[in-house]
Amino acid sequence: MPELPEVEVVRRGLHEHVAGRTVAEVEVLHARAIRRHLPGAADFASRLAGRSMLAARRRGKYLWVELSDGDALLAHLGMSGQMLVQPPGAPDEKHLRVRVRFADGGPELRFVDQRTFGGLALAEVVEVDGAPLPLPVAHIARDPMDPAFDPDAAVAAMRRRRTDVKRALLDQTLVSGVGNIYADEALWRSRLHSLRPTAKLTRVKAAEVLAHATEVMREALGEGGTSFDALYVDVNGRSGYFDRSLNVYGQQHRPCRRCGTAIVREPFMNRSSYSCPRCQPRPRGAA
DNA sequence: CGATCGCCCTGTGTGC
DNA sequence: TGCACACAGGGCGATC
């Protein structure tokens, strides 16, 4: 479940290990991994070969590497995607989808993805609101780690929506980078139930939940991200430690760290929401 | 256009 | 032991 902090850890690793290197050869082992690259695997491989990789960038949960021709190698990790830096000759991972070999003969870049929700693509870079973005990312809002992130504008956009606060937090066109884990953690810190309507939140309360989302993601980044198993790892295959700090996510039946009430899990959008029923009372009238 | 819903995937865990 | 099914869930296309 890579969300902003986990993707940022991967971005830093890419920046450190691939920036400045020239691609020699690309191998696509599973077509679904490049399904967003509409011209197909052969086009993907031939256009990437010979390009140099420049800076690694990120917005929300998307990351990309600028290429020497002005385009970008765009990646989304989905649920289980990994970008690994491995020595040539290391055994192929079971779910290895794309391999990038470099002209210097050094470590390869490997895209590994068990559940195949993630993928790579080559994309044109366009300018949106003063920021260079790969075209498929143009509709994604700035994330709270972006120096140009405007909290007041994000609060206003959230309150304009006729929806529930958790849906708003997960909507990448309002604020990007927040997924199910950090949404639940931010709501717990804000003492808000996921079904509270955004339109009824005060400006102050909406700003508070956004600030909590930002804070929890910053703390997670400081711990190297959240990991429940070996699915989420940095480019060297190492896991983060923030799962030890989670207050509600995955904590059903455990006592709330504030009031001792048992944390509950409820179905939400075909997935789960975790909350404290006492600190985060369900709004009246909500189903 | 805003909001909602179903689908895309595979490995793991659980209950019968 | 083996089978069926729930679950993990981000993003996007279709639909109203």
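Letters A, B, ... mirror the listed sequences (proteins, then strands); counts begin at 1.
- The interatomic distance linking A:Leu170 (CG) with C:dA8 (C1') rounds to 15 Å, in whole Å.
- A:Leu246 has its CG atom 14 Å from the P atom of C:dA8, to the nearest Å.
- Between A:Asp143 and A:Arg59, none of the side-chain N atoms (NZ, or NE/NH1/NH2) sits under 4.0 Å from a carboxylate O, so this pair counts as no salt bridge.
- Counting any heavy atom pair closer than 4.0 Å across all strands shown, A:Tyr62 reaches sugar-phosphate atoms only and no base atom.
- Note that A:Arg97 lies outside the cation-pi zone of A:Phe111, set by a 6.0 Å cut-off to the ring centre and a 45° limit from the axis.
- A sub-4.0 Å separation between OP1 or OP2 of C:dC12 and a side-chain N or O of A:His139 is present.
- Taking atom CG of residue A:Asp113 and atom P of nucleotide C:dA8, one finds them 18 Å apart after rounding to whole Å.
- The distance between atom CD of A:Glu3 and atom C1' of C:dG11, rounded to the nearest whole Å, is 14 Å.
- A side-chain N or O of A:Arg32 and one of A:Thr116 form a donor-acceptor pair less than 3.5 Å apart.
- If you measure from atom NZ of A:Lys61 to atom C1' of C:dG10, you get 6 Å, rounded to the nearest angstrom.
- Listed pair A:His76 / C:dG11 meets the phosphate criterion, a side-chain N or O lying under 4.0 Å from OP1 or OP2.
- The distance between atom CD1 of A:Ile181 and atom C1' of C:dA8, rounded to the nearest whole Å, is 10 Å.
- The distance between atom CG of A:Leu135 and atom C1' of C:dC12, rounded to the nearest whole Å, is 15 Å.
- Between A:Arg12 and A:Glu8, at least one side-chain N (NZ, or NE/NH1/NH2) sits under 4.0 Å from a carboxylate O, which counts as a salt bridge.
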* Footprint string (nucleotides 1-12 of chain B, 5' to 3'): B base within contact, S backbone only, - free, heavy atoms under 4.0 Å -> --SSS--BBBS-
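- In this structure, CZ of A:Arg36 is placed 15 Å from P of C:dG10, rounded to the nearest angstrom.
- For C:dG10, the OP1/OP2 oxygens have no side-chain nitrogen or oxygen of A:Tyr182 closer than 4.0 Å.
- Partners of A:Ser190 by side chain to side chain contact (heavy atoms under 4.5 Å, CB included), not counting sequence neighbours, listed by chain and number: A:Leu192, A:Glu208, A:Val209, A:His212.
- Taking both residues in full, the closest heavy atoms of A:Pro5 and A:Leu221 are given as O-CD1, 3.6 Å, listed atom of the first, atom of the second, then distance.
- Taking the ring axis of A:Trp188 as reference, the NZ or CZ atom of A:Arg258 stays within 45° of it and closer than 6.0 Å to the ring centre.
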